[in-house]
J.: 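Mind looking over this structure? Questions follow.
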Amino acid sequence: MERTSTRDQRLDQCLSAAYRAVYWQGFGYIIYDGQFNNMPVEVQSDGTGTGAHVPAHLTQIPIAVINIGIDCTNKIVKGKVIHKGPLVTVKPGKLVQKAVIQDDDDPSQTMSINIILLGSLAKDFSEVVNQGDVVTASGFTVGKSPTAKQDKLHPFDLILSGDDAFIYVSQRSDPDPKSSLANRRRPTLPAEDSKATKASKYTYVKLDNLKDGSTVNVYGVVVFFRQPYQSRGTDFCSSLKITDQSNHSVACTIFCENLEDHPKIFKIGDIIRMHRVKVKSYNNSVTLVSTFGFSVVTFDGSVGGALEPRTSSKSFSFTEEDRQTVEELRSWAAGHVLGPSVLSAVPLSDVQLTGYFDLTCQLLAKATIQNNCTLLRVWDGTKCPHTLLEVIVEPGCTEGPTSFSKAKESLIANVLVYDNHAEFAKQLKPGDFLRIYNLRAIPGSIKVSGLTSSKPVEGDHVTLNLHGGTSYGKGIRVLPEDNPDVQKLKRVFESLPKDEEDDLSDSNLIEIWGTPPESLGVTVGGKEECSGVRTERSCSHQMLPVTLAQLKQSHPDGSHHVRVQLRSFEPRRLYQALKLFCNKCSSLQDIPDDELVAGIFSEASQRSRACRPPDLLSGQVNLHEESSVSQSRVLGIHLCPNLIVKDLMFLEGSTLEETRLIAAEYQNIVPVTSSGDHLALLDLSAPFLFRDRRRYYGCKQCSETVLRNLSSVSMEVMDEKMIANTLGVELLQFVFVMKLELQDATDTLDVFLMKHALHTLS
DNA sequence: GATTAGGCTTGG
């Protein structure tokens, strides 16, 4: 950021908006404070099955060709809604709705893509569109899918936001009688429906009616489960136990090669539907074992919960009858004790000194402790009443932030996971929402090969361990964003007081300040090895990322989350990032160099006449310079009568160097010049105050300096703010400013990062 | 159309 007028002007222009909008959150990501564009978006909900409302000039493109580079202008994407997530309030008034659509025109094409709807469109969509509807989207943008790895769907997302975005609902096959909007639509009988009707109707056997050797379809409520684990054969194995209204409980063993195909069970009480399980007798009990063509779908078990099927099945049928079955099982289960674990979900604040429990939490950081032991640093927004194990981690072993603010740190629990769970933890990423099953709270602290430090043995201590093995369902599961418990957690996090220093504490700043920029790895990375600008940093924000193109269209006051590449940054050296900022007029300027300041002092010194203002205590010091005896100068020293001598001194006629030397001895020096009988401050390009070895500057534009009636001045606290206030100076703030040039596939964006820096300068 | 597993902890 070299000092050029054009650059300064640009900075000035940008800053008033950018200052409000952009916060320094570590250099890895940006929060852009703005609201989603709230333009009304029409959802055409009374389609007749022909897509007649879609304007003719729009061209349909297949889902398979969607790519970040495509031109989305006048393009439409059509697909059947195979999954509809809940309407999520990211922040008050900011809605997000996620759905998955599948290419419906080409049955051989099974590619599905996530569509993300923002703002009012999200709300409309959530009210009007049902699973099974065929929708046509236009005015979308394409973003990289952050969940592609997990959901195995399309590598890109369709993002619908703002007034260009439209959803045309052209068909639906499964009317929801509860939706009044849906009822307004004409009953449709498109090909879709006949296809659905053709699908063989499944019959489900109650659990008290299982005949040995038969292959059946069943519904049940989960009373026990363990996460799938690698069997000694070719498959992963899940074992679970289910029950139903017959009160019989049946053990099930499921073998599937792919983890994806295993039942996605999150908690006891989940509802499960299995197709093609074989009834086998073992130890005089009936069991169910998966057989060829096995498929499974699970649902949340809470009464009134969303009816979101969790399945990897591409072709998946769900009828009104299914809906009823699920609801009936939910109601039935609500009145029955399903197992001890149903009560085992415990927040950190309720952790007992001894016992096992399930913890729903967010992973903030993780670290390898030993070959078979990984530390998970997690939180759920509540504070554990017991002293938790502290773990010392060797440098370079941590993924995610290595330190947090005090406030956040007090909410973080260290969980040690062993063996198979340490192995599983390799795939976890900071920010993931987790449920840790059968976590054990052990009273007292345990040393882990000298790597843990026990606090003084006072009060209650507790260590959280997830021991190896899968007995009692021990395990870890990553919960999806739309999970109701995850939503709850997010709300808790949002309600916590904002923690400004969370990502860049003072100590971190000081560390950066003292570190050559080259070794900072450009600070884009949160990982230890910051070797280049492409290091990835994940953060714990829960907003869906938007593209830069979308961000540029938004109003500049809300929060956005972008995933971008850093193209360039300025300045290259951190000290060059230090600027002066005026809170009043938002102007930004460089700190004047000593040469300029010395010139101002020198000029003022020559003008000075060492006057004696009537309201101050004044004295003079005659200076005879050895080098030129002919020239002597007079330093004027003025003190406020009602202030202690050392507290504030107005120094007249001194050079910069002299001022600096005197300022080393006296606490507050205000350099002045005289005009007639009155004192005046120097040109405000020079510091107006030398205090505690720091120099303070005032805004030329906003200051209205007054150095009269100083006799009546009294200050309760003598600090730079009070002094500036007394003198009519608008105090300039020290700030770090960096300019980043960001890019993604859609656009580039210049971003200014600002952070108040005063407390780090010494 | 073979095989896997068939809950039930204690320890870093």
Side-chain angles (χ1 to χ4, degrees), chain A residues 210 212-213 215 220 222-243 249-259 261-263 265 267-268 272 274 276-294 338-342 344 352-359 367-376 389-393 414-423 425 436-454 461-476:
Chain A
L210 300 169
D212 196 6
T215 296
V222 176
V223 293
F224 166 79
F225 67 103
R226 63 167 49 146
Q227 303 300 326
Y229 60 96
Q230 187 73 61
S231 74
R232 278 177 228 164
T234 57
D235 299 334
F236 284 95
C237 175
S238 288
S239 61
L240 55 133
K241 201 173 234 176
I242 61 173
T243 186
S249 72
V250 177
C252 313
T253 307
I254 289 150
F255 296 105
C256 290
E257 205 173 350
N258 298 319
L259 275 174
D261 300 334
H262 281 261
I265 304 168
K267 53 159 72 158
I268 303 287
I272 188 167
M274 291 184 282
R276 289 167 289 269
V277 279
K278 193 161 189 182
V279 182
K280 287 186 180 176
S281 193
Y282 177 76
N283 275 353
N284 295 324
S285 315
V286 163
T287 63
L288 293 168
V289 182
S290 60
T291 181
F292 301 101
F294 168 82
L338 297 171
S341 292
V342 82
S344 68
Q352 300 301 305
L353 268 178
T354 173
Y356 294 87
F357 65 103
D358 296 344
L359 180 67
T368 307
I369 300 298
Q370 284 166 8
N371 248 351
N372 67 334
C373 177
T374 299
L375 167 70
L376 301 181
L389 175 80
E390 268 189 31
V391 183
I392 298 164
V393 177
N414 291 323
V415 175
L416 291 170
V417 306
Y418 290 92
D419 306 336
N420 52 323
H421 312 300
E423 191 59 34
I436 305 176
Y437 300 94
N438 204 231
L439 187 54
R440 185 178 178 207
I442 307 169
S445 55
I446 291 175
K447 293 204 171 198
V448 180
S449 301
L451 288 173
T452 59
S453 79
S454 1
H461 284 206
V462 68
T463 298
L464 302 179
N465 279 7
L466 180 65
H467 296 302
T470 59
S471 59
Y472 279 91
K474 283 193 295 252
I476 304 174

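So that the names make sense, note that chain A is the first sequence line, chain B the second, and so on, each numbered from 1. Reckoned from all heavy atoms, side chains included, excluding hydrogens, waters and symmetry mates.
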J.: Over how many whole Å does the gap from A/Y356 atom OH to B/dT10 atom C1' extend?
T.: 5 Å
J.: So what does A/N283 touch, heavy atoms closer than 4.0 Å: a base, only the sugar-phosphate, or nothing?
T.: nothing
J.: Separation of A/R226 atom CZ from B/dT9 atom P, in whole Å?
T.: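 That distance rounds to 11 Å.
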J.: Ring centres within less than 5.5 Å and planes less than 30° apart: is that true of A/Y418 and B/dG12 in this structure?
T.: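 So yes, this residue stacks on that base, both cut-offs being met.
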J.: May A/F255 be described as stacking on the base of B/dT4, applying a 5.5 Å centroid limit and a 30° limit on plane angle?
T.: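 Stacked: centres under 5.5 Å apart, planes under 30°.
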J.: Scan A/K241 against the nucleic acid and name what it touches under 4.0 Å (heavy atoms): base, sugar-phosphate only, or nothing.
T.: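 A/K241: base contact, heavy atoms under 4.0 Å.
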J.: Without decimals, in angstroms, what is the distance between A/Q370 CD and B/dG11 C1'?
T.: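 After rounding, the gap between these two atoms is 12 Å.
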J.: A side-chain contact here means heavy atoms from C-beta on lying under 4.5 Å apart; do A/Q227 and A/T470 qualify?
T.: no
J.: So, for A/T243 and A/L338, which heavy atoms are closest and what is the spacing to 0.1 Å?
T.: CG2-CD2, 4.2 Å
J.: Can you list the residues that meet the side-chain contact (heavy atoms from CB on, under 4.5 Å) rule with A/T354, with sequence neighbours excluded?
T.: A/P443
J.: May I have the distance from A/L353 (atom CG) to B/dT10 (atom P), rounded to whole angstrom?
T.: 21 Å
J.: Which one, B/dG12, B/dT4, B/dA5, comes nearest to the side chain of A/N465?
T.: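 Out of B/dG12, B/dT4, B/dA5, the nucleotide with an atom closest to A/N465's side chain is B/dG12.
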J.: Report the residues that fulfil side-chain contact (heavy atoms from CB on, under 4.5 Å) with A/D261, sequence neighbours left out, ordered by chain and then residue number.
T.: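 Here the qualifying residues are A/C256, A/N258, A/S312.
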J.: Closest to the A/T234 side chain: B/dG7, B/dG12, B/dA2?
T.: B/dA2
J.: Is A/S471 touching bases, backbone alone, or none of the nucleic acid, heavy atoms closer than 4.0 Å?
T.: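 Counting heavy atoms under 4.0 Å across all strands, the contact made by A/S471 is with sugar-phosphate only.
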J.: Within the structure shown, what part of the strands sits under 4.0 Å from A/G473 by heavy-atom distance: base, sugar-phosphate, or nothing?
T.: nothing
J.: Between A/T287 and A/F292, which is nearer to the 5' end of DNA chain B once each is assigned its nearest nucleotide?
T.: A/F292
J.: Tell me, do A/L288 and A/V279 make a side-chain contact under 4.5 Å, heavy atoms counted?
T.: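 SC-SC contact between A/L288 and A/V279 confirmed.
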J.: Give the minimum heavy-atom separation between A/N438 and A/L466, together with the two atoms involved.
T.: O-CD1, 3.8 Å
J.: In this structure, how many angstroms lie between the C1' atom of B/dG7 and the CD1 atom of A/I265, rounded?
T.: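 Whole-Å distance recorded here is 13 Å.
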J.: Using a heavy-atom cut-off of 4.0 Å across all strands, would you classify A/Y437 as base, sugar-phosphate, or nothing?
T.: nothing
J.: If you measure from the ring centre of A/F224 to the centre of the six-membered ring in the base of B/dG7, is it under 5.5 Å, with the planes under 30° apart?
T.: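 Yes, A/F224 stacks on the base of B/dG7.
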J.: Whole Å only: how far is the CG atom of A/N438 from the C1' atom of B/dG7?
T.: 11 Å
J.: Roughly, in whole Å, what's the span from CD in A/E423 to P in B/dG12?
T.: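 After rounding, the reported distance stands at 21 Å.
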J.: What integer number of Å spans the P atoms of B/dG7 and B/dG11?
T.: 22 Å
J.: At under 4.0 Å between heavy atoms, what does A/F225 touch on the DNA or RNA strands: base, sugar-phosphate, or nothing?
T.: nothing
J.: Between B/dA5 and A/R232, is there an OP1 or OP2 to side-chain N/O distance shorter than 4.0 Å?
T.: yes
J.: Between P on B/dG7 and NZ on A/K474, what's the gap in Å once rounded to a whole number?
T.: 15 Å
J.: Is there, by distance only and without an angle test, a donor paired with an acceptor across the side chain of A/R440 and the base of B/dT10 below 3.5 Å?
T.: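 For A/R440, whose side chain was compared with the base of B/dT10, there is a donor-acceptor pair (under 3.5 Å).
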J.: Minimum heavy-atom separation for A/V417 to A/I476, with atom names?
T.: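 What the structure gives for the nearest pair is CG1-CD1, 4.2 Å.
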J.: Under 4.0 Å between a side-chain N or O of A/Y282 and OP1 or OP2 of B/dG6?
T.: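 No, because none of the side-chain N or O atoms of A/Y282 sits under 4.0 Å from OP1 or OP2 of B/dG6.
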J.: Between B/dG6 and B/dT10, how many Å separate the two P atoms, rounded to a whole number?
T.: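 Pairwise P distance, B/dG6 against B/dT10, rounds to 15 Å.
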J.: Among B/dA5, B/dT10, B/dT3, find the nucleotide with the atom closest to the side chain of A/Y229.
T.: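 Selected nucleotide (nearest to the side chain): B/dA5.
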J.: Quote, to the nearest angstrom, the P distance that separates B/dA5 from B/dG1.
T.: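 Between the two P atoms, the distance is 23 Å.
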J.: Counting only side-chain heavy atoms from C-beta out, which of B/dT10, B/dG6, B/dG12 sits nearest to A/H467?
T.: B/dG12
